Structures are given as C-alpha cells and as structure tokens.
Amino acid sequence: MEPSDYSKLIRRDKVTDTAATTFPDSVEIPEGFIRTDELTNHGADEAVIQQMKDSTAEFFGLPQESKNAVAVRGGGFEGFGHHFNEPATDKLDWAECLLLGTQPVQTRNMEFWPTNPPTFRYALDRYSVEMTNLARRLLGFMAADLGVTPETLFSAFSNKTQSMGIHRYPPCRNPDKVLGMTPHTDGFGLTLLLHVDDTPGLQIRRGGRWFPVHPLPGAFVVNVGDVLDVLSNAAYGSVEHRVLPHAERSRTTVVVFQDASVDGMVAPLPELLLKGDEALYKSIGRLDFSKGHLRALAQGTQFLDSLKTSS
Ligand SMILES: O=C(O)CCC(=O)C(=O)O
Ligand SMILES: [Fe+2]
C-alpha cells in the first residue's frame with residue numbers, strides 16, 4: 001500500500017472531483033469527510049470484504065421470521081429491526097438494520113449475532129478485525145497530518161468500542177416521501193462505510209445543500225464522527241449525512257463505527273493543546289457525550305455546537 005494514497009485522503013483543501021462522484025468541480029469536498037474514492041488499495045483483505053458482503057446479502061434475503069431470531073429487544077440498541085425512527089417526526093426510516101457491538105471481543109452479545117447464514121458470525125469476526133486495522137492505518141496518516149505522535153491517536157482509539165450498523169434500504173416508489181435515514185452526524189470517532197451493491201443513496205450536507213456520494217467499487221467511504229471532530233480540535237469536522245431510498249433498487253451497506261476517548265473523556269487531544277492551540281471544545285465524559293448526542297439527534301440540533309468554547 002502506498003502511503004501517498006492515504007495522505008490524499010487527509011487533505012483538507014480542495015480535492016478534485018473523480019469520475020465516481022457528482023461533486024461539481026467548483027465545490028469543495030466537505031472538510032472532514034475524508035473519502036476513500038481513490039483508495040482502492042486500502043490494504044483490507046478482499047476475501048474478507050467479499051465474505052462480509054455475501055453474508056450480509058444472504059441475511060437480508062432470509063424470510064422475516066429468520067431475521068427476527070435476532071430482533072432488537074426492549075429499549076435495547078443491538079439486534080435486528082427498525083432503528084433510528086425519529087420520534088420528533090413520527091416517520092419511520094425506510095430501512096431494516098442489524099446493529100451489533102463487535103469490539104472489544106469480550107463485550108459481544110452473541111445472542112444478537114445471526115447464525116443464519118452459517119458464515120455470518122465468522123464473516124463478522126474477520127471483518128471486524130480488518131476494519132480495526134484499516135482504521136489504525138488511517139489514524140497513522142491523520143496523526144502525521146495533525147502533527148501529533150501516532151501513539152496519541154492509536155491510544156485514543158485502541159480498546160474502545162467498535163460497533164456495526166448493517167443496513168438495507170428497500171426500494172421505495174415515492175422516494176421523495178420518505179428517508180432511508182434521517183440527517184445526522186455519527187456519534188463516534190471514525191466511520192468506515194462499505195457499499196454492498198452499487199445503488200446510490202448516501203448524501204452529505206455542505207453549505208445548506210445536499211450532495212450525493214456515489215458508491216465506487218472497491219472503495220470505502222470514511223466519515224469523521226463527532227468524537228474525532230472534538231479530539232482533532234475541529235481540524236476534522238464531522239459532516240451531516242442522510243440516506244435517500246432508491247425508486248427501483250434496494251441498497252445495502254455495512255457501516256463500522258470506531259469509538260475513541262482520552263482517559264474516559266471526549267476532549268481536544270492534549271498534545272494539540274500543548275503545541276499552543278486553543279481548545280475549541282470543552283471536555284466532556286464519554287457517557288455524557290453519548291447522552292447529549294442522542295438528545296440532540298431527537299431534537300434535530302447539533303450537539304457539538306453546545307460544546308464549543310466560543311459559544
Ligand atoms: O447506509 C448509509 O449509507 C449510511 C448509514 C449511516 O449513516 C449510519 O449508519 O450512521
Ligand atoms: Fe451515519
């Protein structure tokens with residue numbers, strides 16, 4: 001793998017359009033939305049990725065009662081079902097989703113890990129490790145870009161929670177009437193999104209407008225979450241995104257969230273502040289951060305705004 005390929009992702013200035021996107025040349029790719037469209041040699045094992053895709057597609061193809069074997073229970077997050085329906089709008093997102101905690105290994109709730117298809121658990125386990133490693137490679141380049149030691153970012157991310165959202169958005173004849181996923185920013189460190197098929201649907205908001213992110217074969221979409229936004233002291237901004245359903249085709253994605261914190265806190269990296277940077281965010285405990293993030297989502301507000309030191 002060529003380091004230069006990774007460093008391309010980290011650029012925060014103008015990134016020129018590639019064939020796979022619909023960003024007009026004049027539009028800057030949003031800060032912090034570090035896309036891996038040129039990065040087909042990301043170093044993750046293709047066989048593992050393929051098995052993850054195949055198992056995912058097989059799982060969603062099963063009859064409803066099979067999928068409900070791992071249905072979400074009570075007020076819990078993990079399991080299969082309809083998550084993310086916005087109480088404020090009373091609208092159900094046009095999606096089915098399997099949510100799982102995948103790392104650290106000892107925190108896994110295996111009752112939510114499907115045994116059908118029989119390859120799924122194995123695929124999930126191997127994919128989980130590949131994504132931990134891919135994130136680590138990205139973090140190495142981010143550290144260089146931020147001017148901090150790699151260990152600073154590695155330790156912020158190591159042994160933290162990794163979770164997966166495995167989504168299927170069925171086709172919808174009235175795509176303008178519903179959303180596949182409500183606008184939000186991700187409430188973790190780093191998000192690694194794999195398109196299982198080539199159906200478009202993901203959009204990001206920039207300057208009040210929505211821009212489509214088209215799937216590119218063999219590439220990951222890498223999204224900065226709110227936690228990394230704070231850790232990087234706003235060098236990498238998280239970006240609001242949403243999913244629109246497609247009129248004729250279903251769309252399936254596997255989304256991995258790598259969490260991060262420093263001594264249980266979400267705060268600008270001390271090493272950045274030691275260099276003399278002014279903290280742009282207040283520090284907050286990891287749990288309070290989650291609560292605030294969820295509350296803001298329900299209210300349709302931006303949680304990070306409330307953490308800005310200038311506000
Ligand atoms: O499926 C997608 O394209 C996006 C999913 C997403 O934004 C999420 O799981 O947070
Ligand atoms: Fe998201």
Side-chain angles (χ1 to χ4, degrees), residues 20-22 30 32-37 49 52-53 56-57 59-60 72 77-86 91-102 124 127-128 131 135 161-172 175 178-206 210-217 219-229 236-246 249-260 289-290 293-294 296-298 300 302-304:
T21 76
T22 58
F33 199 85
I34 303 170
R35 300 193 44 232
T36 53
D37 46 5
I49 295 171
M52 186 69 220
K53 286 185 179 183
T56 297
F59 174 76
F60 282 124
V72 63
F77 269 114
E78 282 189 277
F80 174 77
H82 297 278
H83 301 266
F84 316 116
N85 41 323
E86 202 45 77
K91 256 198 204 159
L92 193 68
D93 281 348
W94 198 260
E96 49 182 349
C97 170
L98 173 63
L99 271 192
L100 294 174
T102 45
L124 279 164
Y127 189 71
S128 163
M131 292 305 102
T161 305
Q162 180 197 63
S163 44
M164 282 195 210
I166 303 172
H167 309 281
R168 179 177 172 272
Y169 308 91
C172 177
V178 295
L179 281 173
M181 194 179 287
T182 309
H184 66 280
T185 52
D186 293 337
F188 300 97
L190 203 54
T191 306
L192 306 168
L193 184 149
L194 174 72
H195 282 100
V196 173
D197 48 48
D198 60 1
T199 308
L202 178 62
Q203 298 191 326
I204 56 176
R205 195 188 337 237
R206 184 68 177 166
W210 288 102
F211 296 98
V213 177
H214 281 289
L216 184 76
F220 286 91
V221 175
V222 181
N223 189 359
V224 170
D226 283 348
V227 170
L228 183 55
D229 188 331
Y236 302 133
S238 62
V239 75
E240 201 176 355
H241 52 282
R242 68 177 183 182
V243 177
L244 299 191
H246 193 279
R249 280 145 59 195
S250 104
R251 174 171 183 270
T252 300
T253 55
V254 176
V255 187
V256 170
F257 305 99
Q258 299 284 158
D259 199 25
F289 187 95
S290 282
H293 180 81
L294 286 174
L297 269 185
Q302 292 294 334
F303 177 55
L304 287 192

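FYI, the numbering just counts along the sequence from 1. Each ligand, and each atom within it, is numbered from 1 in the order the structure gives. None of these values were measured; they are calculated from a predicted model.
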Is there side-chain contact between [X] and [Y], with at least one heavy-atom pair below 4.5 Å?
X	Y	value
V196	R168	no
M52	L124	yes
H246	P171	no
V227	H293	no
V254	K53	no
S163	F77	no
Q258	L228	no

For the Fe ion (ligand 2), find the closest N/O/S atom belonging to [X] and write down its atom name.
X	value
H184	NE2
H241	NE2
D186	OD1

Can you see whether R251 engages H167 through a side-chain donor-acceptor pair at a distance of less than 3.5 angstrom?
no
If you take the nearest heavy atom of each of F188, F257, Y169, which one is closest to atom 1 (O) of ligand 1?
Y169
Per atom 3 (O) of ligand 1, closest listed option by heavy atom (R251, M164, R242):
R251
Can you sort out which atoms of ligand 1 are near [X], meaning under 4.0 Å from one of its heavy atoms?
X	value
L193	2 (C), 3 (O), 4 (C)
T253	1 (O), 2 (C), 3 (O)
H167	1 (O), 5 (C), 8 (C), 9 (O)
M181	5 (C), 6 (C), 7 (O), 8 (C), 9 (O)
H241	7 (O)

Counting heavy atoms only, which part of D186 comes closer than 4.0 Å to ligand 1: side chain, backbone, both or neither?
side chain
